[in-house]
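Before any comments, here is the structure.
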Amino acid sequence: MPVKATLLTIKFLRVFCDRVGRWGSLLIIPLILVTAWDIFARKLVWIQLWLIENAGAIFQSTILQEMEWHLHTGLFALVLGMGYVNNRHVRVDLLHERLTFRSQAWVEFLGCSFFLLPFAALVVYFAFIYTYESYAIGEISASLVGLSHRWLIKSVLLIGLVVALLAGIAVWLETVLVLFGPRELRFEMMTLKRRETAAAGENDD
């Protein structure tokens, strides 16, 4: 793939993963509201009973708790890709920071090539089957008063995993440019170091 096309692909994937993560992070708002209401309603049971009778079963504690779990799952899944393209994921910094810049690039390249991308692709494949089977059987909650349409939350998990795979592809392409592409692209494209700490003129081959 030509360098220019690679750069455009990387930029598109980074922006896409970042935007999905930013929009997905908004799930923290309903998550906080639902959790806070569930805790509040348990203290004033009469309010909860009145709402169930007059507004619907959605105010039942079991449904509220399942909504909390689902919102937490969606929040976690959708920000995976954003965290990776912005280098905000967990690293073993005790080892990583001791390596030279080029050694870090090789670790990232090999890790993406043999671990992240194959594993992410495998997980996406099984997540698709997991979601499709849930849709096909019309899966509902194991609880008699729980939520229905379980395939919806499973599809969100699938989307999050796909975005994480795309983020892995973006970072892999960046490491390819760093290791094998024009030297002047090294610091412009690398995501191994946080943007605020990366030194544009650093030379640590």
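- Atom-to-atom distance recorded for Arg19:CZ and Arg22:CZ is 10.0 Å, nearest 0.5 angstrom.
- For residues 119-140, the salt bridge (Lys or Arg N to Asp or Glu O under 4.0 Å) pairs, not counting sequence neighbours, are Glu139-Lys154.
- Nearest approach of Val178 to Ala105, heavy atoms of both residues: CG1-CB, 3.9 Å.
- Residues passing the ring pair (Phe, Tyr, Trp, His ring centres under 6.0 Å) test with Tyr130: none are found, sequence neighbours excluded.
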CA sep, side-chain torsions, deciding dist, call: His149, Trp151, side-chain contact (heavy atoms from CB on, under 4.5 Å): CA-CA 5 Å; His149 300 85; Trp151 63 272; 3.8 Å; yes

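- A donor-acceptor contact shorter than 3.5 Å links the side chain of Asn86 to the backbone of Met82.
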Chi angles and distances behind the side-chain contact (heavy atoms from CB on, under 4.5 Å) call for Leu177, Ile10: CA-CA 10 Å; Leu177 286 179; Ile10 292 171; 3.7 Å; yes

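- Pairing each heavy atom of Gly74 with each of Val156, the nearest pair is CA-CG1, 3.7 Å.
- Residue Gly168 comes nearest to Cys112 through the heavy atom pair O-SG, 4.2 Å, listed as atom of the first residue, atom of the second, then distance.
- Between the side chain of Ser113 and the backbone N or O of Leu110, no donor-acceptor pair lies under 3.5 Å.
- The hydrophobic cluster containing Trp172 does not contain Val15, counting ILVMFWY residues as joined when their side-chain heavy atoms lie under 4.5 angstrom apart, directly or transitively.
- Taking the side chain as every heavy atom from C-beta outward, Leu13 and Val85 never approach each other to under 4.5 Å.
- The structure places CG of Leu71 at 7.0 Å from CD1 of Ile153, a figure rounded to the nearest 0.5 Å.
- Thr35 contributes no side-chain N or O that, together with a main-chain N or O of Ile32, makes up a donor-acceptor pair within less than 3.5 Å.
- Residue Arg150 comes nearest to Ser141 through the heavy atom pair NH1-CA, 3.4 Å, listed as atom of the first residue, atom of the second, then distance.
- Note that CG of Leu158 and CD1 of Ile129 are 11.0 Å apart. Values are rounded to the nearest 0.5 Å.
- Evaluation of the ring pair (Phe, Tyr, Trp, His ring centres under 6.0 Å) rule for Phe180 yields Trp106, Phe109 as partners, not counting sequence neighbours.
- Taking 4.5 Å as the limit, every side-chain heavy atom of Thr131 sits out of range of all side-chain heavy atoms of Tyr135.
- Separation of atoms CD1 (Ile39) and CD (Glu68) is listed at 7.0 Å; rounding is to 0.5 Å.
- In terms of hydrophobic clustering, with Ile, Leu, Val, Met, Phe, Trp and Tyr side chains grouped at heavy-atom distances under 4.5 Å, Phe126 and Tyr132 are assigned to different clusters.
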Leu117 vs Ile169, side-chain contact (heavy atoms from CB on, under 4.5 Å): CA-CA, chis, key distance, verdict: CA-CA 7 Å; Leu117 293 180; Ile169 294 173; 3.9 Å; yes

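- Side-chain atoms of Trp23 and Leu26, non-hydrogen and from C-beta on, do get closer than 4.5 Å to each other.
- In the hydrophobic cluster analysis, where Ile, Leu, Val, Met, Phe, Trp and Tyr join through side-chain heavy atoms closer than 4.5 angstrom, Leu78 is grouped together with Ile29.
- Heavy-atom neighbours of Ile140 CD1 from other residues, nucleotides or ligands within 6.0 Å: at or below the threshold of 12.
- Linking ILVMFWY side-chain heavy atoms closer than 4.5 Å, directly or via other members, places Trp69 and Ile28 in two distinct hydrophobic clusters.
- For the atom pair CZ (Phe128) and CG (Leu161), the distance works out to 13.5 Å, reported to the nearest 0.5 Å.
- At a threshold of 4.5 Å between side-chain heavy atoms, the hydrophobic network of Ile, Leu, Val, Met, Phe, Trp and Tyr places Phe12 and Val20 in one connected group.
- Inter-residue side-chain proximity for Leu116 and Val171 is flagged as unmet; no heavy-atom pair is nearer than 4.5 Å.
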